[in-house]
Amino acid sequence: MFAERIKNRLLNQHNAGLYRKPVEINKRQEKYFFIGNRKVLNFASNDYLGLGVSDKLKRKVSGNFLKYATSSSSSRLVSGNYSVINQAEKEYARFFGYEDALFFPSGYQANIGIVSALFEKGDLLIFDKHIHASSVKGMLLSGADFHGYNHNSMSHLCKWLEKTSKNKPAVLTESLFSMDGDFLDVQGFKALKERFDFFSIVDEAHAFGATGENGKGIARDVADIGVGTFGKALGLFGAFVLMPADFKEYFFNFSSPLIYTTSLPEAHAASAIDLLGIISQCEKQRKHLREISSLTKEKLVYEGFCVKGDAHILAVEIGDENRALEISERLLEENIFVLPARYPTVPLHKAMLRIGMTALHTEKDVRKLVSSLKEAYGKIEKKDR
Ligand SMILES: Cc1ncc(COP(=O)(O)O)c(C=O)c1O
């Protein structure tokens, strides 16, 4: 019975153009991947500052792994609560301007861990319809009621807030949206927060490190809780949640995804501390990232593509899932690695090509991307006519 179900579901997935299969990468080198016998230019990563391949960070991290044990070998609440982790959390809270911080093994776990623990039946959560799957999963697990507002629509959010008569609601959003690549309307959000006094959780996974002064993101002013991951601009792995005082104690007691998992090792925390110094010094990379991203968008729009994105994530609207997949395959033939984002990551029939710009990309890379995309798109249009 289960075997039959698996077969049928995979077949349906294929037919709908939604089938997923990870591409096997033999090697990563700077901004390139080696896939099969090809050397391809990578436009599908979140390594916005290029730190994931930086020798400086590699040396720091490997030094830390030589100094400390390879694993914490326990959950935080048993024997995995090392001084260096607490020190790193304090430094993250101070750097990003919050009272406290807590590390999680991943951003996915962090969102589930905080949202499911903070809220309960009877609470009301209002969320941007484009927030990450992990926050949605957290809401489902919490038992609270939740309503989505149209993506980045402050007027729609306002309508929901006006309708709520009971306890103060909580609002969940991202500061730089992972798929659309647009920024939260921080001023609009701030005005609503002042008017309705709601509690806010702002996921800055794609903003921390890459945006704001010294990489501090854009939403400190409007976030009660800020969520960051190490796996994107910070070039490491794991996640951090920035929060008011007392919350950490609460999560240690009530957040099951934190309580029942092995904590990140000491070497991670020591590397996280090193990273704060590194990201403060990445102004040159952030400037280049802004400029090269804006140039890419400009060139794509000039070629007639519909492109969303205010910063280093650019979403080229395609619509049909199979077409998006085919364009991505043709780009790979041209040694360009760009992946389609498809349902359920984005709404059905709103497939897009998600371009992740990094500080490693050059104008030449952008020219190659744009001309290959133009050619691939043109060929497919012609074939479909
Ligand atoms: C907005 C957002 N939050 C959280 C996550 C999860 O982070 P991690 O990859 O560390 O699990 C992602 C990852 O894709 C994301 O885009």
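Counting starts at 1 for both ligands and their atoms, in listed order. Computed from a prediction, not measured in an experiment: that's the story for all the values here. Throughout, numbering of the chain's residues begins at 1 and tracks the sequence.
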Ion pair present between K299 and E363, side-chain N to carboxylate O less than 4.0 angstrom?
no
Relative to the heavy atoms of Y108, which atoms of ligand 1 are at a distance of less than 4.0 Å?
6 (C), 7 (O), 8 (P), 11 (O)
With a cutoff of 4.0 Å, is Q109 in contact with ligand 1, counting heavy atoms of the residue only?
no
Does the side chain of F189 come within less than 4.5 Å of L157's, by heavy atoms?
yes
Residue E174 vicinity, atoms of ligand 1 by number, heavy atom under 4.0 Å
1 (C)
So that I know where these two stand, are Y48 and H312 an aromatic pair - ring centroids less than 6.0 Å apart?
yes
Would K39 count as a cation-pi partner of F34, with NZ or CZ less than 6.0 Å from the six-membered ring centre and within 45° of the ring normal?
no
Any idea which atoms of ligand 1 are less than 4.0 Å away from a heavy-atom of N111?
3 (N), 4 (C)
So, is K232 polar-close to ligand 1, with some N/O to N/O distance under 3.5 Å?
yes
Can you tell me which residue and heavy atom of the protein come closest to atom 2 (C) of ligand 1, and the distance to 0.1 Å?
D203 OD2, 3.4 Å
Check the pair F237 / F230 against ring pair (Phe, Tyr, Trp, His ring centres under 6.0 Å), numbers first and verdict last.
CA-CA 5 Å; F237 50 87; F230 288 102; 8.1 Å; no
When the ring centroid of Y92 is compared with that of Y98, is the distance short of 6.0 Å?
no
Numbered atoms of ligand 1 (with element) below 4.0 Å of A205, judged on heavy atoms
1 (C), 2 (C), 3 (N)
Heavy atoms only, cut-off 4.0 Å: how does A239 contact ligand 1, side chain, backbone, both, or neither?
neither
Protein contact of atom 8 (P) of ligand 1 - nearest heavy atom, named by residue and atom, plus distance:
G107 N, 3.3 Å
On the six-membered ring of Y377, is R323 placed so that its NZ or CZ lies under 6.0 angstrom from the centre and within 45° of the ring axis?
yes
Look at atom 5 (C) of ligand 1 and say which protein heavy atom is nearest, naming residue and atom and giving the distance to 0.1 Å.
H132 CE1, 3.5 Å
Among I313, V227, T229, whose heavy atom sits nearest atom 7 (O) of ligand 1?
T229
Pick from W160, Y149, F199, F196: which one makes a side-chain contact (heavy atoms from CB on, under 4.5 Å) with V171?
Y149
Quick check on the 6.0 Å ring-centre criterion: do F103 and H268 meet it?
yes
Subset of ligand 1 atoms that lie under 4.0 Å from at least one heavy atom of S178
16 (O)
Would you say ligand 1 has an N or O under 3.5 Å from any N or O of H206?
yes
